[in-house]
Novice: 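The structure follows.
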Amino acid sequence: MKYISTRGQAPELTFEDAMLTGLARDGGLYVPAEIPQMSHDEIAALAGLSYEETAFRVMRPFLGDCFTDEEFRAIIARAYESFGHAARAPLKQLAPNHFLLELFHGPTLAFKDFAMQLIGQLFQTALERRGDRVTIAGATSGDTGSAAMEAFRGLSNVDVFILYPHGRVSEVQRRQMTTPQDANVHALAVDGDFDDCQARVKDMFNDFDFRDSVKLAGVNSINIARVLAQVVYYFSSAVSLGAPQRKVSFTVPTGNFGDIFAGFIAKQMGLPIDQLVVATNQNDILHRCLSGQGYYKGDTQPSISPSMDIQVSSNFERALFYAYGQDSKAVALLMDELKNGGFDVSQGAMQALAENYESGRTSEEETLATIKSELASSGELICPHGAVAVKVANEHRKADVPMITLATAHPAKFPAAVEDASGIHPPLPPRMADLYERPERVTRIANDLAALEDHIRKNITN
Ligand SMILES: *Cc1c(COP(=O)(O)O)cnc(C)c1O
């Protein structure tokens, strides 16, 4: 199994090398050269299996011979053992033929744990075998950073440095980054905003001396291993509701397009998915693009679903690659145009996108109203990201096809907005109830490349 770049100018890699590399050297994103197929019978045989066994069967073909079956089973077992629900990704019913896929039972209460926990173990196994180590640097507006720290903490071949904007993440998000006590994870509160954090991480990757000396690696959402880990719950939930004998649909609260793209892969593998619906908040560049208005950047408007506040959606490049018939030259040209503000999608590619994706947008008021109405109609308290999706799902779903809406975060992760909408202060799950008492460990640091690099060099533990 080989991985190729969406821009066609980077070397073909194995799964393991694509995972450890992250971004391709030509600036593109890695995708599998061919998408493995699962037959009707193979999908039917997933019925009743554990999440772990489903993960093994769905992901195994993507790994080639990088990991033995025994290694991969052990990795999966370790990845999901810290989840607070035996089903890992349970379904709840909201209304006739409308279901909520709860993806927030991992250690940081957001769906990013599904992929991050798995790649933590994949990195560790690969690096141990190679006798190598890496330094992971990442910028976060909240959820990715804590998920990465939880996934890599205590591992012996990795140090993790997470840059977050000082004073601009929620208290729960901050505490999830500052309370892990393991010496190899490091929270850095940068005097700047999220864009500054992201820019400094980019600067570090472009400083080749530094990059090579600390063996810098990235685990942001463009990492193909993260996308593939997310394919699993499309299968597990669809099969629970009768696939492959019955078609199902999905609505996905979308930011960087990693999660919904995993749904596209599941469909290409053979899962009978009827609709894949992209739900955006007021930062609706994806909805505008999928409605035929081109892909043009605007200003980011902060929202109550902050994990979806994006202007450039990094994984959308993968969707374009397939919509353009895997024409890497066309993709490279579009990405050049994007540097100057945006691009129009060709008629043929628009048609291909329309065959796979529908889309909708939810305003701030509609998000709050949906949290309130859903509590009244089903008794479920939903986080603002899930609420964005529930509203769009209700506009798109068909009476005779089960709709599965992805709930990407626990309501207690965004307590202010949830309380504002519902009057209920969502409590943290009991296993995390002491989060507010745990001691915090964080370094406040200037928005300055030299200061950051110096700090990282001096604080690597592995
Ligand atoms: C990251 C995130 C999203 C967006 O997921 P993408 O894969 O970037 O589209 C949605 N909801 C929550 C809670 C998130 O943390």
Side-chain angles (χ1 to χ4, degrees), residues 29 89 100-117 119 138-151 162 164 169-170 172-173 176-177 194 198 219-231 233-234 250-266 276-287 289-290 300 303-319 357 359 361-362 367 371 382-390 392-393 405-415 417-418 426:
L29 310 187
L100 195 68
L101 181 58
E102 292 187 345
L103 300 174
F104 51 70
H105 295 284
T108 71
L109 306 182
F111 87 99
K112 295 199 167 64
D113 290 324
F114 276 90
M116 208 66 94
Q117 286 290 324
I119 73 164
T140 188
S141 56
D143 295 333
T144 305
S146 57
M149 292 172 81
E150 267 303 322
I162 296 297
Y164 71 84
V169 296
S170 81
V172 174
Q173 288 176 323
Q176 285 184 331
M177 291 188 276
F194 172 62
Q198 205 159 25
V219 294
N220 57 12
S221 76
I222 53 98
N223 195 304
I224 186 65
R226 277 186 58 184
V227 174
L228 296 178
Q230 294 167 187
V231 174
Y233 46 70
Y234 286 89
F250 289 92
T251 302
V252 185
T254 302
N256 268 323
F257 215 83
D259 209 0
I260 183 96
F261 185 73
F264 171 81
I265 300 255
L276 272 177
V277 186
V278 171
T280 75
N281 65 21
Q282 59 191 355
N283 296 295
D284 62 352
I285 182 168
L286 288 166
H287 174 54
C289 180
L290 292 169
T300 308
S303 80
I304 54 172
S305 46
S307 305
M308 295 155 68
D309 288 346
I310 56 102
Q311 277 306 323
V312 174
S313 183
S314 46
N315 278 294
F316 193 52
E317 179 168 344
R318 290 189 166 110
Y357 306 101
S359 68
R361 166 197 206 274
T362 304
T367 305
I371 294 173
I382 299 178
C383 112
H385 305 79
V388 163
V390 165
V392 172
T405 295
L406 274 54
T408 47
H410 192 287
K413 205 156 185 185
F414 300 93
V418 171

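In each ligand, atom 1 is the first atom listed, and ligand 1 is the first ligand listed.
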Novice: Near T254, which atoms of ligand 1 are under 4.0 Å from a heavy atom of that residue?
Specialist: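 Per the distance check, 9 (O).
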Novice: So, do S221 and N315 sit near enough that their side-chain heavy atoms are less than 4.5 Å apart?
Specialist: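 Yes, their side chains come closer than 4.5 Å.
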Novice: Indicate whether any N or O donor in one side chain lies under 3.5 Å from an N or O acceptor in the other, for D309 and N283.
Specialist: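 Judged by distance alone, the side chains do pair up.
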Novice: With a 4.0 Å cut-off on heavy atoms, does F111 reach ligand 1?
Specialist: yes
Novice: Quick one: are Q173 and F414 in side-chain contact, heavy atoms under 4.5 Å?
Specialist: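 Side chain of Q173 against side chain of F414, heavy atoms only: contact under 4.5 Å found.
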Novice: State yes or no: are the ring centers of Y357 and F257 separated by less than 6.0 Å?
Specialist: yes
Novice: With only distance considered, is N256 within less than 3.5 Å of ligand 1 through an N or O on each side?
Specialist: yes
Novice: Does at least one non-hydrogen atom of S221 fall below 4.0 angstrom from an atom of ligand 1?
Specialist: no
Novice: Identify the closest protein heavy atom to atom 13 (C) of ligand 1: which residue and atom is it, and at what distance?
Specialist: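 It is T408 OG1, 3.3 Å.
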Novice: Give the minimum heavy-atom separation between S313 and G255, together with the two atoms involved.
Specialist: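 Nearest heavy atoms, S313 then G255: OG-O, 2.8 Å.
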Novice: Under 4.0 Å from a heavy atom of K112: give me the atoms of ligand 1 that qualify, with their elements.
Specialist: 1 (C), 2 (C), 3 (C), 14 (C), 15 (O)
Novice: So if I count the atoms of ligand 1 from 1 in the order they appear, which ones are less than 4.0 Å from some heavy atom of H385?
Specialist: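 Here the atoms of ligand 1 in question are 11 (N), 12 (C), 13 (C).
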Novice: Would you check if K112 and R226 make a side-chain contact, meaning some heavy-atom pair closer than 4.5 Å?
Specialist: yes
Novice: For K413, which part has a heavy atom under 4.0 Å from ligand 1: side chain, backbone, both, or neither?
Specialist: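 The answer is neither; K413 stays 4.0 Å or more away.
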Novice: Taking the side chain as everything from C-beta on, heavy atoms only, tell me whether F111 gets closer than 4.5 Å to L406.
Specialist: no
Novice: Of all the heavy-atom pairs spanning I382 and V390, show the shortest one and how long it is.
Specialist: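 So the minimum-distance heavy-atom pair works out to CD1-CG2, 3.9 Å.
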Novice: Looking at side-chain heavy atoms only, is the closest gap between V392 and T362 below 4.5 Å?
Specialist: yes
Novice: Which atoms of ligand 1 sit under 4.0 Å from any heavy atom of P253?
Specialist: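 The list of qualifying atoms is 4 (C), 10 (C).
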Novice: Purely on distance, is any nitrogen or oxygen of D259 under 3.5 Å from one on ligand 1?
Specialist: yes
Novice: Considering only heavy atoms of F257, which atoms of ligand 1 have at least one such atom less than 4.0 Å away?
Specialist: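 By the 4.0 Å cutoff, the relevant atoms are 6 (P), 8 (O), 9 (O).
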Novice: What atoms of ligand 1 come within less than 4.0 Å of a heavy atom belonging to G258?
Specialist: 6 (P), 7 (O), 9 (O)
Novice: If you count the atoms of ligand 1 from 1 in the order shown, which ones are under 4.0 Å from a heavy atom of A409?
Specialist: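 Here the atoms of ligand 1 in question are 13 (C).
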Novice: Which ligand 1 atoms does G255 reach within 4.0 Å, using its non-hydrogen atoms?
Specialist: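 Matching atoms, with element in brackets: 4 (C), 6 (P), 8 (O), 9 (O).
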